[in-house]
Amino acid sequence: MESGPAIFAGAAFTLFGGALLLWTTVRALHREPVVYGVPPRAAVAVTSLAGAVSLLLGVWCFDRL
């Protein structure tokens, strides 16, 4: 009964984290700003951390099934 919400949450977190990491990587490789008005190293670090945490949270949700 509780596997439905866990699957949804795991899919949402995993897709968001993967997309954020991919977007950050592409922006950084093209030397384009990740966040306007923020130093590039700080922006890449914070968005990469947020993407990795989201991806790990999604994997954790799938692991709980």
Side-chain angles (χ1 to χ4, degrees):
M1 188 104 175
E2 295 179 6
S3 64
I7 291 171
F8 177 77
F13 281 124
T14 304
L15 287 173
F16 176 74
L20 185 61
L21 287 173
L22 179 67
W23 180 81
T24 302
T25 302
V26 168
R27 296 288 289 190
L29 288 176
H30 284 88
R31 305 260 189 232
E32 295 177 2
V34 176
V35 178
Y36 292 110
V38 177
R41 287 185 182 168
V44 169
V46 170
T47 55
S48 296
L49 180 66
V53 166
S54 181
L55 194 62
L56 289 174
L57 190 57
V59 170
W60 179 78
C61 285
F62 284 131
D63 185 47
R64 298 312 241 168
L65 294 175

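When reading the values below, keep in mind they use all heavy atoms of this one structure, side chains included, and skip hydrogens, waters and symmetry mates. Just so you know, these numbers come straight off a predicted model, no measurement behind them.
Put simply, CH2 on Trp23 and CZ on Phe16 are 10.0 Å apart, with the number rounded to the nearest 0.5 Å.
Here the closest non-hydrogen pair linking Val34 and Ala43 is CB-CB, 4.0 Å. Nearest heavy-atom pair across Ala28 and Val44 is CB-CG2, 4.2 Å. Closest approach of Cys61 to Ala6, counting heavy atoms only: CB-O, 3.9 Å.
Heavy atoms from other residues, nucleotides or ligands lying under 6.0 Å from CZ of Phe8 number 12 at most.
No side-chain donor-acceptor contact under 3.5 Å links Arg27 to the backbone of Glu32. Remark: side-chain polar atoms of Thr24 are paired, donor with acceptor, to backbone N or O of Leu20 under 3.5 angstrom.
Two residues are said to be in side-chain contact when any heavy atoms from C-beta on lie closer than 4.5 Å; Leu57 and Trp60 meet this criterion.
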